[in-house]
Amino acid sequence: MSTVLTNSEGWKALEKHFVEIEHTHIKTLFEKDKNRGQRLTVKDLGIYFDFSKHRITDETLDLLINLARDRGLEAKRAAMFSGEKINITENRAVLHTALRAPKDSSIKVDGHNVVPDVHEVLDKMAGFAAKIRNGEWKGFTGKSIKNVVNIGIGGSDLGPVMAYEALKHYTDRSLTFRFVSNVDGSDLAEALIDLRADETLFIISSKTFTTLETMTNAQSARSWALKQLGNPSAVARHFVAVSTNEKEVMKFGIDPQNIFGFWDWVGGRYSMSAAIGLSTMIAIGPDHYHEMLNGLHEMDEHFRTVPLHKNIPVIMGILGVWYNNFFGAQTQAVFPYENYLKRFPAYLQQLTMESLGKHVTLGGEKTNYQTGIIYWGEPGTNGQHSFYQLIHQGTKIIPVDFIGFKKSLNTLTPHQDYLIANMIAQGEALAFGKTTEEVRKEGVDEQLIPHKVFEGNRPSSTFFLDTLSPENLGKLVAMYEHSVFVQGVIWGINPFDQMGVELGKVLAQNIIPELLDKQKPIAHDSSTNALIEFYRQ
Ligand code: G6Q
């Protein structure tokens with residue numbers, strides 16, 4: 001096998017096949033195979049995954065799966081699950097799957113079984129969450145906690161916010177949750193505007209405990225709290241930390257007892273099932289949290305064991321490659337027909353784009369093919385009244401993921417029927433469109449016909465589940481995590497580092513002193529210099 005993806009036999013076979021089916025309409029594929037809608041589906045773990053409305057044939061699937069296999073998917077998957085240091089640029093294992101592994105399993109990093117460590121932290125989180133929830137944990141003035149503010153950014157924010165919103169139905173409504181991420185002071189100011197320090201708990205979530213945004217927000221939150229509480233020892237009752245950097249956390253004044261740790265083998269964007277989920281656990285309670293972990297684990301096992309042809313994340317991953325590299329798709333849309341999943345697309349943006357936005361291979365060579373696609377989305381049906389137009393009738397190909405649930409968490413007739421009818425109708429319209437003849441039959445004026453024709457042939461997947469439970473959320477998260485892995489393997493890139501984010505963390509550090517000290521000489525390019533001068537004035 002050639003190590004260059006585009007020279008491989010598998011790739012060449014796909015190129016040839018693409019030319020053959022590029023113009024085949026989804027409608028034709030359905031006409032040829034009356035069972036297609038049932039056949040090209042996977043039903044497992046309570047997920048009904050319909051991938052029949054794609055521009056693929058059985059041969060496409062075979063060729064893509066062969067490619068994935070040739071690129072070493074099975075061996076690489078096994079290496080990830082067994083704790084090998086597959087994140088080679090950071091020399092780290094990649095074990096978010098260990099975070100949801102059952103207590104009796106054994107997963108070793110450098111000869112050490114990490115599963116007991118994981119469960120020790122989970123038990124500690126559960127004990128703490130219970131104390132906050134039942135009012136046993138008292139603030140500095142003896143009051144119980146009513147508000148929980150998570151301060152973190154990127155992977156230390158997006159997972160917790162998404163999970164809180166997604167599982168709001170299961171949360172303790174007597175507690176208020178706020179999430180602060182932006183270094184823009186308005187984020188913190190608005191989050192605290194109506195809160196009292198004596199009944200507020202801050203969770204400072206930062207793997208490194210050095211991130212500018214989080215540290216700035218944490219210091220300001222500390223000042224805000226101390227202004228009201230008057231005594232530095234109050235910090236220990238109102239601040240806890242989720243971090244791998246015990247030294248820095250203690251410097252902040254947080255009691256070492258109240259540090260919830262995790263490990264360098266958990267990447268930020270893969271950390272919502274690590275202690276970064278503390279706010280989630282407080283919100284929904286330890287039992288529901290464990291249900292979410294079970295869901296994640298069930299999907300991990302599905303990915304690890306189910307044959308590639310029936311493996312949901314594998315099929316998602318290869319379809320990603322198909323549209324990105326062969327059809328030249330630039331973006332992938334995700335439309336949850338479930339309002340509680342409103343932050344899910346934002347969460348997926350980080351997961352997918354930070355993981356797959358790489359232009360060099362693991363070997364350090366520049367790729368001569370496209371990698372990570374742009375993810376975006378909004379909950380249905382809102383999107384239908386705005387940007388769906390471009391997907392239906394625009395000039396770009398945008399594969400869509402529809403995510404829907406049979407049962408609503410708020411049974412308000414007839415809302416759920418209308419919601420799901422919309423989801424199903426959109427997938428149908430995207431795939432099959434409306435022909436000139438069909439429009440003409442409707443009696444439309446001849447001049448208007450071209451405007452009312454829908455070409456169709458727009459691909460989509462539908463993920464249909466029973467209801468948005470913590471367990472099902474876990475399955476969906478792990479499903480996307482592993483589909484990212486599949487694409488990373490095929491493209492031969494590292495989905496687990498984030499040098500672009502690291503760069504962002506140092507860039508501002510150079511300019512901050514130049515903004516603070518107006519006399520400091522500046523020597524950037526003329527545009528940057530002018531912007532700094534404008535701010536200084
Ligand atoms: C995620 C990224 C990044 C990270 C944040 C926060 O994979 O590495 O989004 O999570 O930059 O970092 P800290 O948790 O260290 O503050």
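Whatever order the structure lists them in is the order used to number ligands and atoms, beginning at 1. Atom set for the values below is all heavy atoms of this structure, side chains included, hydrogens, waters and symmetry mates excluded.
- Screening I490, V486, I65 for a side-chain contact (heavy atoms from CB on, under 4.5 Å) with L73, the sole residue that qualifies is V486.
- Annotation: G267 places no N or O atom under 3.5 Å from an N or O atom of ligand 1; distance criterion only.
- Side chains of N231 and S233: a donor on one and an acceptor on the other come within 3.5 Å.
- Taking any N or O of K207, backbone or side chain, at least one lies under 3.5 Å from an N or O belonging to ligand 1.
- In this structure, R77 forms a cation-pi arrangement with F303, its terminal cationic atom sitting closer than 6.0 Å to the ring centre and no more than 45° off the ring axis.
- Heavy-atom distances between E213 and ligand 1 stay at or above 4.0 Å for every pair.
- Between Y347 and Y480, the distance separating the two ring centers is not shorter than 6.0 angstrom.
- In the vicinity of S206, heavy-atom distances shorter than 4.0 Å reach the ligand 1 atoms 13 (P), 14 (O), 15 (O), 16 (O).
- Close contacts between ligand 1 and S156 involve ligand atoms 10 (O), 13 (P), 14 (O) [criterion: under 4.0 Å to a heavy atom].
- Atoms of ligand 1 lying under 4.0 Å from any heavy atom of T211, numbered from 1 in the order shown and given with element: 12 (O), 13 (P), 15 (O), 16 (O).
- The existence of a salt bridge linking K85 and D110 is confirmed by a sub-4.0 Å separation between a basic side-chain nitrogen and an acidic carboxylate oxygen.
- For the pair Q350 and ligand 1, a heavy-atom separation below 4.0 Å is found.
- Using a 3.5 Å distance cut-off with no hydrogens or angles, the side chains of D300 and H96 do not pair a donor with an acceptor.
- Contact between R133 and I282 at its shortest, heavy atoms only, is NH1-O, 2.8 Å.
- Taking only nitrogen or oxygen atoms, main chain and side chain alike, T208 reaches within less than 3.5 Å of ligand 1.
- Side chains of Q228 and D198: a donor-acceptor N/O pair is absent below 3.5 angstrom, by distance only.
- The distance from ligand 1 to the heavy atoms of Q498 drops below 4.0 Å at these ligand atoms: 7 (O), 8 (O).
- Nearest protein heavy-atom neighbour of atom 10 (O) of ligand 1: G155 N, 2.9 Å.
- Counting atoms of ligand 1 from 1 in the listed order, those under 4.0 Å from a heavy atom of R269 are 1 (C), 7 (O).
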